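Note that this is a predicted model, so its numbers are computed, not measured. Position 1 is the first residue of the sequence; numbering continues from there. Counting starts at 1 for both ligands and their atoms, in listed order. These values consider heavy atoms only, across backbone and side chains, with no hydrogens, waters or symmetry-generated copies.
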Amino acid sequence: MIILKGATKIYAGKPAVDNLSLSVEKGEIFVLVGPSGCGKSTTLRMVNRMVEPDSGTIMVNGTDIRSQSPEALRRGIGYVIQSIGLFPHMTVSENIGTVPRLLRWDKSKTAERIDELLLLIGLDPQRYRDRYPKELSGGEAQRVGVARALAADPPILLMDEPFGAVDPLTRKRLQVEFRELQRTLHKTVLFVTHDVDEAVILADKIGVMRQGILLQSGRPESFLRAPADDFVHDFLGTDYSLSMLSRLKAMDYCCQTYPGNHEEQVPVILSTASLKEAFSMFISSGSEYLHIQDLHGESRGFLSLNHLLQPFAGDAHEQ
Ligand code: ADP
């Protein structure tokens, strides 16, 4: 779906991106990680021709991107960036409707699409469609930015630190929401971040960059066993294996019966929580059991620390 072959961009005689090859399959999230200045954004921007490579080939949906005008190319590619740049004098619905208006969709089709997208991103159309960006929280603005990129239903999304400008809690929520959204959208996504945890939560594949070079790429778990070199190992960090637990759902390790009598004293964890969150609650509470409940407070069973620590317990499936 997106293929880069030997893509290179030179600035002031120095390669910002150096002979980089990668492919993002249809419906996959490929996350590029690496320290600031390693060439992630430049790589991303070459895909929609905001930056023209000095050499190499880039194919999108089987076509060399140079065979289309940048404008035509960008119609099939949604682009989401940090501090989203919503137009301040336009309402939420006008912002989301930017591309449909450019494409001259009729008004009722556009209005329908806007409401559909607002519902998709969890904002009540009636409450939000006429608001201005300054009347939104950071997280809401970021969601609207995602909706705007999705408006014309492009098969491809480029996302450049899209959740970088919000507080850590909102950021986590947006990551989980986007991952859930992707289960129904199946977009082909090239995503850039310097945050390893974010990469682990979202990625089907991760690529680690340094100084313009893609050092290693593959499924997140492949980095556990065989990091390409010390830089990759150190950049992913010693708690990379712990981060991997955020890909697993605590609910999948349910359901033990609680052997005691005082169920009401067992710490509660939401059924949407990850195994990483469950472990951190085991540690902070000192309890050997957690009570899994859904959003409505209904019991979904118990999680047992002993059971989790038994050999083979980690054999469950990824989320
Ligand atoms: P990252 O996204 O990983 O932080 P970038 O792709 O933004 O990195 O930048 C890679 C390198 O290219 C950096 O050294 C940056 O200073 C340089 N660079 C990026 N854009 C330009 C530009 N328009 N002109 C000159 N140098 C640039």
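Using a cut-off of 4.0 Å between Lys/Arg side-chain N and Asp/Glu carboxylate O, Glu140 and Arg143 are scored as not salt-bridged. Using a 4.0 Å cut-off between charged side-chain N and carboxylate O, Arg171 and Asp195 make a salt bridge.
Residues of the protein with a heavy atom under 4.0 Å from ligand 1 are Tyr11, Ala16, Pro35, Ser36, Gly37, Cys38, Gly39, Lys40, Ser41, Thr42, listed by chain and number.
Note: Tyr258 and Phe302 have parallel aromatic rings, judged against thresholds of 30 and 60 degrees for the angle between ring planes.
Hydrophobic cluster membership for Phe87: Met90 (Ile, Leu, Val, Met, Phe, Trp, Tyr linked by side-chain heavy atoms under 4.5 Å, directly or transitively).
Screening residues 25-37 for salt bridge (Lys or Arg N to Asp or Glu O under 4.0 Å), with sequence neighbours left out, gives Glu28-Lys205.
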Donor-acceptor contacts under 3.5 Å from residues 278-286 side chains, at least two apart:
unit_1	atom_1	unit_2	atom_2	d
Ser284	OG	Ser280	O	3.1
Ser284	OG	Met281	O	3.4
Ser285	OG	Met281	O	2.7
Ser285	OG	Ser287	N	3.2

